[in-house]
Structure formats: C-alpha cells, structure tokens
Participant: 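So that we are looking at the same thing, I have put the structure below in structure tokens.
Sequential numbering from 1 along the given sequence is applied to the chain's residues. Just follow the structure's listing: the first ligand is 1, and inside any ligand the first atom is 1.
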Amino acid sequence: MSQHLQKSINPSTESFLYKKALLTLDQYVEGIRSGNKVILGQAITLVESTLPAHQMLANGIIEACLPFSTAQESLRIGITGTPGVGKSTFIESLGLFLIEKKKKIAVLAIDPSSQNTRGSILGDKTRMGEITSREEVFIRPSPAGTSLGGVARKTRETIILCEAAGYDTIIVETVGVGQSEIAVHSMVDLFLLLLLPGAGDELQGIKRGIVEMADILTVNKADGDRLALAKQAQKEYKNALHLMPPKSNGWSPEVLICSGLEKEGISEIWNSIESYLELANSQNSFDEKRKKQSLYWMKETIWSALKYSFYEDPKTKELMIDLEQEVLDGKRSPFSAAEQLLKSYLNKK
Ligand code: GDP
C-alpha cells in the first residue's frame, strides 16, 4: 500500500515508533494471539502509522491475524448518538454487564473531527473509569486523522487485531452527527442508536438515514424526572419505525429505554442483541454481511488510493491551477477541464 495513501494519522505515533525497536512480524502476531495488551497496542500504532515500513509490517500482521477473526467468534456492535447522549456512560454499563457474562470487550472509536493526537470521544476516560482498568477490556481512542475514510479504515483493521487477541465483543463508538455512521455501519454486525428522551429526531440532529440504519434504538437517560419523557419518546419512535420498510433480513428494529447511569435496561438491550444474533445465525447473514463489507472496503481503499494518487500528482496539480482559472473565467467547461486533467494523468501512467 502506498505511503501516500493516507495523510499522517498520528504524528506522535511515528516518533514513538522510531524511538522503540520494532518487533518481528512473528513476535507481534504471537503477542497478539497470547492476549498481550501492550503488543496489541503497539501493533495498532503500526496500523495507524503512515511510514511505509510500518505499513508493510502492519499489513503482514493483519494478514496473519485474519484467520482468527471470524463471524462465529465475535460480535461487532456499533454505537452512535449525539454528543452528550450518554455513550461513554452506557458503554461503561454495558461493558460491566458483559464482563459478568464472561465476555472480552474491545472498545474502539471513530471520531474524524479529532485533529489531536487522541480523539475527543473516549479521550476522557473518566466516564468509563471502571472498565478501563479491567483485564477483560481493551480501550483504544480514535486516532486523529484528516479524513474519515482514513480513520475508518484504520479502525476496521484494528478490529481484526482485537479479535485475533481474543476479544469477542467489539464495540465501535462514533458521534452521531453524520458521515461516520455510514463508515461504522460498514464494519459492524449490529448498529445501536442512543437517543435522548423528550426530543424528536429533528431536535437531536439525527438524520433519518441514521435511524434507518439502526438495528436497535434505545432512549437513554430514562431515569428520575426523565423516565416519563423517555417512555413517550419510545412510543413516538416505535410509531415512526412502523412507517419504515423492514430490513432485508426480516428484522424489525426494536425501540427500548435504558439508563446508562443507573445501569437500568441493559439486560433488555442484551436480550434484543441476542434475538438479533439468533436471527442472523439462522440465516447465516453475519457471514454474508461481513463478506459484503470486505468487498466494500476493498473498493473504498482502491477509490481513496486513486483519488490521492491523482490529486497529489505534481503534473496534475500544476495543470489544475491553469484549468481551474479557465473554468472560473468561463473560458472552458468544467467537463472539458476534467477530461483534459484525466487525460494528462492517465497518459503519464
Ligand atoms: P457521550 O458524549 O455521548 O459519551 O455522553 P457521556 O457518557 O459523556 O454523558 C454526558 C452526560 O450525561 C454526563 O454528564 C453523564 O453523567 C450524563 N449521563 C449519561 N448517561 C446518563 C443517564 O443514563 N442518565 C442521566 N440522568 N444522565 C446521564
């Protein structure tokens, strides 16, 4: 994979790796397979790096881990909702619940808005205070990145490493504000949308498309004064969902209520997840979905590599300046300018 593919995901990562001697591919894979969190973390750092040598090594690790990352052994859950809806608090409660069920949980985040070395979501781990220190849990904040595609791809690769390390429940958290849901949707088996009580979806800034993507909706903060409001919102969402076409696998999305803070309603959500699992297993649809997702990521990766190669090509860049001006001056149509640019780029290849 070209080093030009992605802009730097995490510059501090690279200086860290420079200072530290790299392990061999086999050592990384063995470390991951034995559940060594430090080595898993270092391997993810390699995945996030943009240095060609790191990328080559990371690709080797991913390939070696792929056979251990199968639909039978893991469940990938996407969790989304607007900032402040209570995602971190909910993940903490769900995490504790799952630890009781002897699950091993990896929590990853996608937050393309974050330009810092660490993402803003999951950056503040205080609301996940209890699970962060648990042996059964691995938490990795969102890598900072310039493009959603870049960050999402890294997360997808990270899922493979976490599964090979024995995490059977992968939670991918994202902020419910737009494009990132689509990316998360294309890497999880099941999508959970957290909603606030007493607010219609317009108010919550949630696009209809995101509601349509959700397999389970849950109105959070159903506690104290807000319990009645939460029940009302539940009713409204149920009615709204009736108007939507059923999912292709025949699943009708459920609308539940919970309180992440009070740890209420978590087992009901888990029951719903299990019902979904049962249906999916009876149809073998997880496998099918994952196969489709793999093809999606293959095409996405090609698409972004081509785009990068085109826009970063020095000759194209130079020609682009002149042609943009001609289009702005009305001397040339946008289509003819595009054609000229593509011709010049393709002839060079
Ligand atoms: P996130 O931005 O979606 O991750 O939301 P947080 O988990 O950080 O929570 C945002 C705020 O809502 C914090 O002040 C939490 O204490 C509060 N909160 C989260 N879950 C609940 C809940 O179930 N009930 C109530 N009453 N407050 C909650």
Side-chain angles (χ1 to χ4, degrees), residues 77-99 105-116 118-134 137-144 151 155 169-181 183-185 188 190-201 203-207 210-211 213-214 216-234 237 254-273:
I77 307 173
I79 294 186
T80 192
T82 44
V85 70
K87 292 182 293 299
S88 315
T89 315
F90 174 80
I91 292 170
E92 161 96 358
S93 297
L94 179 65
L96 289 172
F97 177 87
L98 292 175
I99 290 171
I105 308 133
V107 184
L108 312 172
I110 292 193
D111 180 7
S113 65
S114 163
Q115 299 297 316
N116 310 319
R118 281 285 169 247
S120 63
I121 52 174
L122 285 182
D124 174 8
K125 287 186 189 167
T126 51
R127 281 185 288 279
M128 289 192 209
E130 224 178 309
I131 56 166
T132 30
S133 55
R134 296 295 296 254
V137 179
F138 178 80
I139 299 187
R140 182 78 176 188
S142 178
V151 173
T155 307
T169 312
I170 313 290
I171 296 177
V172 185
E173 178 192 0
T174 185
V175 273
V177 287
Q179 284 293 310
S180 51
E181 283 75 17
V184 176
H185 192 246
V188 296
L190 180 147
F191 206 47
L192 185 78
L193 173 62
L194 288 188
L195 300 156
L196 284 169
D201 51 353
L203 283 180
Q204 297 194 26
I206 295 164
K207 299 203 174 67
I210 295 172
V211 175
M213 259 191 269
I216 299 171
L217 295 86
T218 176
V219 183
N220 193 29
K221 305 196 182 183
D223 47 45
D225 295 349
R226 281 182 269 204
L227 183 59
L229 276 177
K231 285 185 174 164
Q232 179 61 29
Q234 180 186 26
Y237 278 110
E254 289 201 69
V255 188
L256 304 164
I257 56 170
C258 72
S259 164
L261 197 64
E262 305 284 338
K263 302 184 173 47
E264 294 284 345
I266 308 294
S267 61
E268 285 78 0
I269 293 170
W270 187 248
N271 288 344
S272 180
I273 291 175

Participant: May I ask you to identify, for Asn220, whether its side chain, its backbone, both or neither come under 4.0 Å of ligand 1 on a heavy-atom basis?
Facilitator: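 The side chain, only.
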
Participant: Who gets closest to atom 19 (C) of ligand 1 by heavy atom: Thr89, Asp223, Ile91?
Facilitator: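 Ranked by closest heavy atom to atom 19 (C) of ligand 1, first place is Thr89.
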
Participant: Please indicate whether any nitrogen or oxygen in Gly260 is less than 3.5 Å from any nitrogen or oxygen in ligand 1.
Facilitator: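 So ligand 1 has an N or O lying under 3.5 Å from an N or O of Gly260.
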
Participant: Would you say Arg226 touches ligand 1, if touching means a heavy atom closer than 4.0 Å?
Facilitator: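 Right, Arg226 reaches ligand 1.
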
Participant: Do Ile171 and Leu94 make a side-chain contact, defined as non-hydrogen atoms from C-beta onward lying under 4.5 Å apart?
Facilitator: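 Ile171 reaches Leu94 side chain to side chain.
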
Participant: Does the Lys87 side chain pair with the main chain of Gly81, one donor and one acceptor, at a distance under 3.5 Å?
Facilitator: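 Pair found, side chain donor or acceptor close to backbone of Gly81.
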
Participant: Within the structure, does Gly86 bring an N/O atom to less than 3.5 angstrom of an N/O atom in ligand 1?
Facilitator: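 Right, the criterion is met.
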
Participant: Can you list the atoms of ligand 1 that are under 4.0 Å from a heavy atom of Lys87?
Facilitator: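 Matching atoms, with element in brackets: 1 (P), 3 (O), 4 (O), 5 (O), 7 (O).
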
Participant: Should Ile131 and Ile105 be marked as a side-chain contact (heavy atoms from CB on, under 4.5 Å) after you check the CA-CA gap, both sets of side-chain angles, and the distance that decides it?
Facilitator: CA-CA 9 Å; Ile131 56 166; Ile105 308 133; over 6 Å; no

Participant: Using heavy atoms and a 4.0 Å limit, tell me yes or no: is Gly84 in contact with ligand 1?
Facilitator: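 Within the 4.0 Å threshold, so yes.
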
Participant: Check the pair Glu130 / Leu96 against side-chain contact (heavy atoms from CB on, under 4.5 Å), numbers first and verdict last.
Facilitator: CA-CA 8 Å; Glu130 224 178 309; Leu96 289 172; 3.7 Å; yes

Participant: Counting distance only, does the side-chain N/O of Thr174 pair as donor-acceptor with the main-chain N or O of Ile110 below 3.5 Å?
Facilitator: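 It does hold such a pair.
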
Participant: Between the side chain of Asn220 and the main-chain N/O of Val85, is any donor-acceptor distance below 3.5 Å?
Facilitator: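 The answer is yes, because a donor-acceptor pair under 3.5 Å joins these two groups.
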
